[in-house]
Student: 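To start, I am sharing the structure in question, which I have written as structure tokens.
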Amino acid sequence: MRQTSLVVVANRLPVDDTVAPDGACEWRRSPGGLVSALHPILHHTPATWVGWAGGTGPAPSLPEVDGVRLHTVALSADDVRDHYEGFANATLWPLYHDAVEQPVYHRRWWESYQRVNQRFAEATAEIAEPGAVVWVQDYHLQLVPGMLRELRPDLLIGFFLHVPFPPPELFMQLPRRAELLLGMLGADLVGFQRAQAAHNFAQLCAKVLNVPATDRRIAVEDRVVRIGAFPVSIDMAEMEQLARRPDVVARAQQFRADLGEPQHMILSVDRLDYIKGIEHRLKAYSELLADGHVKMSDTVMVQVAVPSRERVGQYRVLRDRVEREVGRINGEFGRVGEPAIHYLNQPFGRAELAALYRAADVMVVTPLRDGMNLVAKEYVAARVDNTGALVLSEFAGAAAELTQAYLVNPHDLDGLKLTLMHAKEAAPGDVSARMGAMREHLRGHDIQAWARSYLSALDHTGSLAARLRAD
């Protein structure tokens, strides 16, 4: 068995199953932010990634990808339904996002969540070398740190929550709230996107578990668990390089041409999710059209809604509502060959997204609640000429960093309409100054800076973070 000094544990493996020209299946590294952040470490240090390959049935045996050993965890169809679609995405996800949709509680979902988390913990315990660093990711696996500590107390365990952590009055609804907190407290370091989330976690640990807790440390029996905020980011250099590619520049120009060379192009790119505020945004835009403040003769709106969790009932209902609203707006305000809203319910590749970012004068990112929202950061990174206005929800984690964006409360439709008009009509000098400041911030706070910050706090020897700096 190959030993490793770093083990990353996440719901999904960092690979995509693609089909080669000869029809054979190939597993290739996916372009996700986490794997990009850790790639320098994974490239220089023998490492293992523990995760689900995406299918059901027996776990496939996968080859190494870029020198990273892949250890697959098997999930059955029932596991996917009850753990992933059920407890993770119909109970925890809505609760952690301000209960925008009502969380659903089923005992069998909790039982499945426990079983799957135990399976991940056992798989990790089996392959981790003595004293290894293990980094567990996100809300799907909140019990893993505690389970893993029982199995392997020699390990250095980190946990990072990519989504918001709710205030006590919401979290207290959970029937299994104590078990989830104890699971996270199995880690040596628990990381969050924002300081408020760490504060919420400390308050809950003190209230539910009756343990001494501050916003930086929580005492658990004979251990001290450290907590803190580590805002996740993007690969700034990669997005800049992509946005400068001649084919991407040409594609951006083609987008503008296909849209009729509008004076203003407004863009939104979201997963089709009820937390993203898509319906609020469409309502605000339709009122601007009705009021005559936005005219189809000079302005177009493009809404990309990437399909998401289509087997979860709440998401199917949302898709139907959004499509009906787009149809209503286009029926009322559109003309033959000229829809009021160009709605695209499909996935886009990285180059296509970069081209859309370059093409859009105004980017509207208005979630009702979001842990970070990396689309906002990607748009900033793609604006290599310091143009482009970013309208950003106050309730996205990115708002704490991108303070020069045109910030807005997405629940306030009148405020959203005013902010959209302000961004659309802003003077070029104001737009350039805001974008330049945000780009400068991202250069110093990219995805590798995030990984260095977290791993330096977790691993006091500094060896893993040093490998990030060495690349």
Side-chain angles (χ1 to χ4, degrees), residues 100 251-252 254-260 262-290 293-296 298-310 314-335 337-350 352-370 373-376 378-379 382 388-393 395-396 398 405-406 408 410-411 413 416-417 419-421 423-424:
V100 173
R251 185 67 175 128
Q254 186 63 51
F255 276 133
R256 300 283 300 209
D258 291 344
L259 293 168
Q263 184 178 347
H264 304 286
M265 175 183 165
I266 299 172
L267 173 67
S268 288
V269 177
D270 308 274
R271 281 190 311 100
L272 188 54
D273 195 304
Y274 49 76
I275 71 166
K276 299 299 184 180
I278 298 172
E279 292 175 282
H280 297 65
R281 190 183 309 140
L282 294 175
K283 175 69 172 171
Y285 192 71
S286 71
E287 290 186 8
L288 287 173
L289 288 168
H293 296 308
V294 168
K295 300 184 185 302
M296 286 186 54
D298 62 19
T299 303
V300 299
M301 181 176 182
V302 177
Q303 172 68 65
V304 175
V306 179
S308 173
R309 300 170 190 158
E310 294 183 290
Q314 294 160 318
Y315 289 78
R316 293 195 298 269
V317 171
L318 172 67
R319 183 192 61 206
D320 292 342
R321 289 202 310 258
V322 168
E323 290 177 355
R324 278 199 302 270
E325 181 65 5
V326 170
R328 182 195 68 78
I329 295 169
N330 284 336
E332 185 172 347
F333 300 105
R335 295 186 291 268
E338 296 182 43
I341 295 175
H342 297 258
Y343 177 71
L344 302 167
N345 180 218
Q346 58 192 257
F348 276 75
R350 297 287 292 163
E352 286 282 284
L353 280 177
L356 281 170
Y357 295 151
R358 286 211 57 155
D361 309 292
V362 179
M363 183 78 190
V364 187
V365 182
T366 52
L368 307 179
R369 170 66 70 189
D370 226 341
N373 196 296
L374 297 179
V375 164
E378 288 179 347
Y379 179 72
L390 173 63
V391 176
L392 181 60
S393 168
F395 306 117
Y406 297 89
V408 65
H411 298 276
L413 289 184
L416 179 54
K417 289 159 60 178
T419 305
L420 274 169
M421 294 303 298
K424 186 170 81 76

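One is the number of the first residue; the rest follow in order along the sequence.
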Student: I need the Arg358 CZ to Leu267 CG distance, nearest 0.5 Å.
Tutor: 14.0 Å
Student: Ignoring hydrogens, what is the shortest heavy-atom contact between Lys295 and Asp298? Give both atom names and the distance.
Tutor: O-OD1, 2.9 Å
Student: Would you compute the distance between atom CD of Gln314 and atom CG of Asp273 and round it to the nearest 0.5 angstrom?
Tutor: 9.5 Å
Student: Going through the checks in order, is the side-chain contact (heavy atoms from CB on, under 4.5 Å) test met by Val362 and Tyr406?
Tutor: CA-CA 10 Å; Val362 179; Tyr406 297 89; over 6 Å; no
Student: Kindly write out the residues that satisfy side-chain hydrogen bond (donor to acceptor under 3.5 Å, both in side chains) with Arg335, not counting sequence neighbours, or none if the list is empty.
Tutor: Glu338
Student: Looking only at atom types and distance, does a side-chain atom of Arg281 sit under 3.5 Å from a main-chain N or O of Lys276, one as donor and one as acceptor?
Tutor: yes
Student: Between Ser393 and Pro367, is there a donor-acceptor pair closer than 3.5 Å when you use the side chain of the first and the backbone of the second?
Tutor: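 Yes, the answer is positive, given that a donor and an acceptor are paired below the 3.5 Å cut-off.
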Student: Taking all heavy atoms of Thr299 and all of Lys424, pick out the closest pair and write down the distance.
Tutor: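 Closest approach of Thr299 to Lys424, heavy atoms only: OG1-NZ, 3.8 Å.
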Student: Parallel, tilted or perpendicular: which describes the rings of His280 and His411, with under 30° parallel and over 60° perpendicular?
Tutor: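 Rings of His280 and His411: perpendicular, over 60°.
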Student: So, taking the atom named CG in Leu353 and the one named CZ in Phe348, what distance separates them when rounded to the nearest 0.5 Å?
Tutor: 7.0 Å
Student: Short question: side chain of Tyr379, backbone of Gly388 - any donor-acceptor pair under 3.5 Å?
Tutor: no
Student: Could you check if a side-chain atom of Met421 sits within less than 4.5 angstrom of a side-chain atom of Val294, using non-hydrogen atoms only?
Tutor: yes
Student: How many angstroms lie between CE in Met265 and CG in Leu259, if you round to the nearest 0.5 Å?
Tutor: 5.5 Å
Student: Would you say Asp270's side chain and Ala305's backbone share a donor-acceptor pair under 3.5 angstrom?
Tutor: no
Student: Just so I know, are the side chains of Asp258 and Gln254 near enough to count as touching, which here means a heavy-atom distance under 4.5 Å?
Tutor: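 With C-beta onward as the side chain, the pair touches.
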Student: Please name the pair of heavy atoms, one in Ser268 and one in Met301, separated by the smallest distance, quoted to 0.1 Å.
Tutor: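 Minimum heavy-atom contact is OG-CE, 4.3 Å.
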Student: Quick one: do Arg256 and Asp361 make a salt bridge, cutoff under 4.0 Å?
Tutor: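 Yes.
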Student: Hey, could you give me the CD/CG distance between Glu287 and Leu282, rounded to the nearest 0.5 Å?
Tutor: 11.5 Å
Student: Write down the atom of Ala382, the atom of Tyr357, and the distance for their closest heavy-atom approach.
Tutor: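 The pair with the smallest heavy-atom distance is CB-CB, 3.6 Å.
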Student: Locate the shortest heavy-atom distance separating Arg369 from Ile275; write the atom from each residue and the value.
Tutor: O-CD1, 3.4 Å
Student: Would Arg251 pass as a cation-pi partner of Phe255, given that its NZ or CZ must be under 6.0 Å from the six-membered ring centre and within 45 degrees of the axis?
Tutor: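 Verdict for Phe255: a cation-pi partner in Arg251.
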Student: I'd like to know whether Arg328 forms a side-chain contact (heavy atoms from CB on, under 4.5 Å) with Ser286, so could you lay out the CA-CA distance, the side-chain angles of the two residues, the decisive distance to 0.1 Å, and finally the verdict.
Tutor: CA-CA 9 Å; Arg328 182 195 68 78; Ser286 71; 3.4 Å; yes
Student: When rounded to the nearest 0.5 angstrom, what is the spacing between CD1 in Ile278 and CZ in Arg321?
Tutor: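 Interatomic distance, Ile278 CD1 to Arg321 CZ, rounded to 0.5 Å: 10.5 Å.
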Student: Could you tell me which non-hydrogen atom of Val408 sits nearest to which non-hydrogen atom of Pro410, and how far apart they are?
Tutor: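 It is O-CD, 3.4 Å.
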Student: Would you say Asn330's side chain and Ile341's backbone share a donor-acceptor pair under 3.5 angstrom?
Tutor: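 Looks like yes, one N/O pair under 3.5 Å.
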Student: Check whether any side-chain heavy atom of Pro347 sits under 4.5 Å from a side-chain heavy atom of Val306, and report yes or no.
Tutor: yes
Student: With the threshold set at 4.0 Å, does a side-chain nitrogen-carboxylate oxygen contact exist between Glu279 and Lys283?
Tutor: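 No, no charged N to carboxylate O under 4.0 Å.
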